[in-house]
Student: 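Next up is a structure, given as structure tokens.
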Amino acid sequence: GQADRIAAAFAESRTTPEFNAGSIGSTPAADVHPRTPLRDRLLEAGVPFTYGSDAHNRGEIGSRKAVLRSVSDTCAAQILRPETVCHNTV
């Protein structure tokens with residue numbers, strides 16, 4: 001399906017998806033993107049992730065970081081440090 005095609009494209013590229021906390025609400029871990037089944041397909045393909053807090057002020061970063069780390073620990077995701085992620089410019 002579509003999630004399989006997306007995971008294959010990430011696995012074949014240098015693009016790094018992120019666990020994004022932009023939708024965190026009353027059920028924090030369930031609101032982290034990407035959601036399943038895409039998250040599961042990316043993990044099965046061995047695609048590493050980075051974090052994205054989507055914070056709009058410093059006060060939001062700490063709690064979102066904890067949720068993101070919890071999600072990545074739960075699914076045993078490989079997390080790339082920011083300095084290892086190549087940022088392409090156009």
Side-chain angles (χ1 to χ4, degrees):
Q2 184 177 13
D4 294 316
R5 290 190 301 275
I6 293 169
F10 270 107
E12 295 172 9
S13 76
R14 293 178 36 193
T15 303
T16 305
E18 67 180 18
F19 283 122
N20 186 284
S23 296
I24 289 181
S26 60
T27 55
D31 294 332
V32 170
H33 294 278
R35 294 186 178 143
T36 56
L38 178 56
R39 180 187 305 166
D40 294 339
R41 297 303 169 274
L42 291 166
L43 292 165
E44 289 166 6
V47 174
F49 287 80
T50 190
Y51 294 129
S53 72
D54 207 25
H56 293 263
N57 64 62
R58 286 188 202 180
E60 295 173 336
I61 294 174
S63 62
R64 290 178 181 211
K65 179 180 176 183
V67 171
L68 292 169
R69 182 159 291 161
S70 173
V71 169
S72 65
D73 288 350
T74 299
C75 62
Q78 177 188 1
I79 302 297
L80 298 179
R81 297 177 56 86
E83 61 271 14
T84 65
V85 178
C86 176
H87 296 281
N88 294 325
T89 57
V90 178

Student: Determine, stepwise, if the pair Val32 / Val67 fulfils side-chain contact (heavy atoms from CB on, under 4.5 Å).
Tutor: CA-CA 8 Å; Val32 170; Val67 171; 3.8 Å; yes

Student: So which atom in Ala21 and which in Asp54 form the shortest heavy-atom distance, rounded to 0.1 Å?
Tutor: C-CB, 4.4 Å

Student: Nearest heavy-atom pair of Ala55 and Ile61: which atoms, and what distance?
Tutor: CB-CG1, 3.7 Å

Student: Any sub-3.5 Å donor-acceptor pair from Asp73's side-chain atoms to Ala76's backbone N or O?
Tutor: no

Student: Rounded to the nearest 0.5 Å, what's the gap from SG on Cys75 to CD on Gln78? Could you check?
Tutor: 12.0 Å

Student: Just by distance, do the side chain of Arg39 and the backbone of His33 share a donor-acceptor pair under 3.5 Å?
Tutor: no

Student: Could you please spell out the steps behind the side-chain contact (heavy atoms from CB on, under 4.5 Å) verdict for Leu43 and Phe49?
Tutor: CA-CA 9 Å; Leu43 292 165; Phe49 287 80; 3.8 Å; yes

Student: Is it the case that the side chain of Ser70 and the backbone of Ala66 share a donor-acceptor pair, with hydrogens and angles ignored and the cut-off at 3.5 Å?
Tutor: no

Student: Would you say Arg41's side chain and Asp4's backbone share a donor-acceptor pair under 3.5 angstrom?
Tutor: no

Student: Show, in sequence, the C-alpha distance, side-chain angles and deciding distance for Phe19 and Ile79, and conclude whether the side-chain contact (heavy atoms from CB on, under 4.5 Å) test is met.
Tutor: CA-CA 9 Å; Phe19 283 122; Ile79 302 297; 3.9 Å; yes

Student: Closest heavy-atom contact between Gly52 and Leu68?
Tutor: O-CD1, 3.7 Å

Student: Give a yes or no on whether Arg69 atom CZ has more than 12 heavy-atom contacts from other residues, nucleotides or ligands under 6.0 Å away.
Tutor: no

